[in-house]
Structures are given as structure tokens and as C-alpha cells.
Amino acid sequence: MSHTTPKTSILLIYTGGTIGMMKNPVTGALENFNFDQLLEYVPEIKGFNLDLYSIAFEPPIDSSDISPESWSQLVSIIYSNYEQYDGFVILHGTDTMAFTASALSFMLEGLMKPVILTGSQLPIGALRTDGKENLLTAIEIAAAKNEDGTPIVPEVCIFFHEKLMRGNRATKVSADNFDAFESNNYPLLAHSGIELQFYKNNIMPYRSDAVLTPHYEMDAHIIIFSLFPGMQPDIVKKIMRDKKLRGVIFRTFGSGNAPQEKWLVDALTRATRSGKTIVNITQCSTGSVKMNLYETGLQLLESGIISGHDSTVEAALTKLMFLLGKGLTPEDINRYMNLSIAGEITV
Ligand code: ASP
């Protein structure tokens, strides 16, 4: 009797972004080219002992044009191909990659296979491109298995410039550098140097009983509001009163502080009492919100504002869209915002 283990199979999903762009010889602007052209620039791919398939957004898009509908499209592609593949690599523009990674981490409940997002700062056809290394290593990570055959990284991640980060902890920090992403409040899941080294203690544990449950609804009736000295009451009050507005990602100073002005406290209290969810996250790039540390934070707590803990702006935003999309009550949303549902906050 012969035993043949099936080859590991990976699905590459190409959404667009710089990695697959080429300079228009006339205008000099970067434009998308198609996926087959892209692969011609990476013949090394054939060196993997893997079954590699691909699917592409038609047309490919700059990631500035990514929307909640694009996230649903990705969820649907992954869900309908979940059984056939061992892992997924999503090629995506870097500008909004952290939003997409965060959104997918909530929308793919019970995910137990790798979904690795990557892209590049220079097009794959450029001589000094970072795209090849990012793509090849992302594929290797998506295919990586433990000795018992389970995936090493059963979660949504971003791989970029030697670093594997939890998707909902990563953020784009540089418009110029190859080292463009950071995971400020959570350690790396892997580092690729001469060796690809996984930090297994930081990776979500594999659960054999988990079942993938896809979610498609995101409610985008929310805004990100960043505090600054000199805010004008009329403008802020108008926004907070907006009838269609259901939630605010409120980017405060330091450990979660806001000016003590009465008009602001009143506007926020009125908003939360009318059923809007306001989530407090810090404008600082590292650290967490602690609303009971200063008087200026305490009054926010009393206004009915929820702590976003050490969430990135991308994770807080997409988590709130996700919870609102589920039609939950403000009380339930409050409860879930205080729980880590996909490893997005430290509580
Ligand atoms: N504008 C591009 C995008 O996000 C930038 C990139 O891919 O790096 O689609």
C-alpha cells in the first residue's frame, strides 16, 4: 500500500497595489498590470514544492480604493476555497493593508489556516524591488506546518520586510522605507533572516474543533476623530449630533486624555446617551489608554466612553464596524470592545 501525502497548496489572491504596478512610459505614473505579468518577474516561485493557484481582483485596485465590499469579497474567496487550500497569501497595497488585515481578523471567525497579507514599496519589476522577498517569504509562511501537520500560523498576518506581525496589531509607519510596518503593542510572530524563525508563544494556538464562520456585514457609519488643541465647539458638536453617525474612534492625548471643557464633555455624553459608541484610543504610537489615570481621562469614562485599550486605529475602527454590522446593542458592543476577540488588544 502506498502512502502519498498531498502537496501543500496555497491560494494567492491578488488585489493590486504597488507590487503589481508598472511605470506608464508616457505619464510616468504607476499603473496596475495583470497577475500573470506579475508572476513572470518571480520565476523563483516555481522552485517551491507546492501547488500554487491564483485568483485576482478584476481590475486590480490601488489599496486607497479598498472598501468594506472588498473585504467581503476576500472573505467570500477564502471561505469558498477554505477546504481546498492549506494557506492563503493576499497581495495588497501597503497604504490600507493594516485595515484589511484587521477587518479580516474579525470577519473570519474561527480561522485556523494562515492568511498572510503582503505587498511592496517598489513594483516587482523594479531592479531593487522588495516585492520578491516579501512574496516568496509570505508563501513560505503560509505553507509552514508543525510536525503534526497543523499550520504554524493559523491567523491573519502581515508579512513585510523580515517581520511577521499579527494583522490587527500592525500599522504602516513609513511611506518611504522598505521596513514600512510596525507592531508596536504586540511582539513579532516570526522573523525572517538567514532562517525563518517563528516565535510560537506569540502565535494563536491551533484549535482542531474550530469552524470557520464568515461574516460579511460591516457598518461604516462611523468616523475617526483625532483631538487637537483649539477644536471648535460648533464643528465638533455638529459631528457628534449627526443622526446617521453610530460610532466614533476617538483619538485622545497620551493615556486617553481630552480637554476638560464642558461643551466637549456635554457633547460626548449626549452622543453616548443617544446610543452612539465612542471608543477611546491614544494618538501615541505605543501604549494603552488608562482612563482612570488623570482627571481628564476620568471625565471621559463618566461620559460613557469605552476604552480601546492598546488597539491600533485600524483594529479599533474595523472592530467597531464589525460589531455594529452584527446589529448588537450598545451594551453588547461595550462588552465586546473590552474583550480580545481576535488577539487585537491586551486585556
Ligand atoms: N498606493 C499603493 C497602494 O496602497 C501603495 C503600495 O502598494 O505600497 O495600493
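One-based numbering, in listed order, for ligands and for the atoms of each. Since this is a predicted model, take the numbers as computed values, not measurements. By convention here, the first residue in the shown sequence is residue 1.
- Pocket lining of ligand 1, defined as residues with a non-hydrogen atom under 4.0 Å away: G17, T18, D62, S63, G93, T94, D95, S120, Q121.
- Side chain of T15 to backbone of L91: a donor-acceptor contact under 3.5 angstrom is found.
- For residues 44-76, the ring pair (Phe, Tyr, Trp, His ring centres under 6.0 Å) pairs, not counting sequence neighbours, are Y53-Y85.
- Classification of R166 and E155 as a salt-bridged pair holds, one side-chain N sitting under 4.0 Å from a carboxylate O.
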message: Before you tell me yes or no, could you show the steps for W263 and D266 under side chain to side chain contact (heavy atoms under 4.5 Å, CB included), namely the whole-Å CA-CA distance, both residues' side-chain angles and the distance that decides it to 0.1 Å?
response: CA-CA 5 Å; W263 68 264; D266 288 349; 5.8 Å; no

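- For H215, the side chain to side chain donor-acceptor pair (under 3.5 Å) partners are E109, K326, not counting sequence neighbours.
- Taking the side chain to side chain contact (heavy atoms under 4.5 Å, CB included) definition, one finds that N201 meets it with nothing, sequence neighbours left out.
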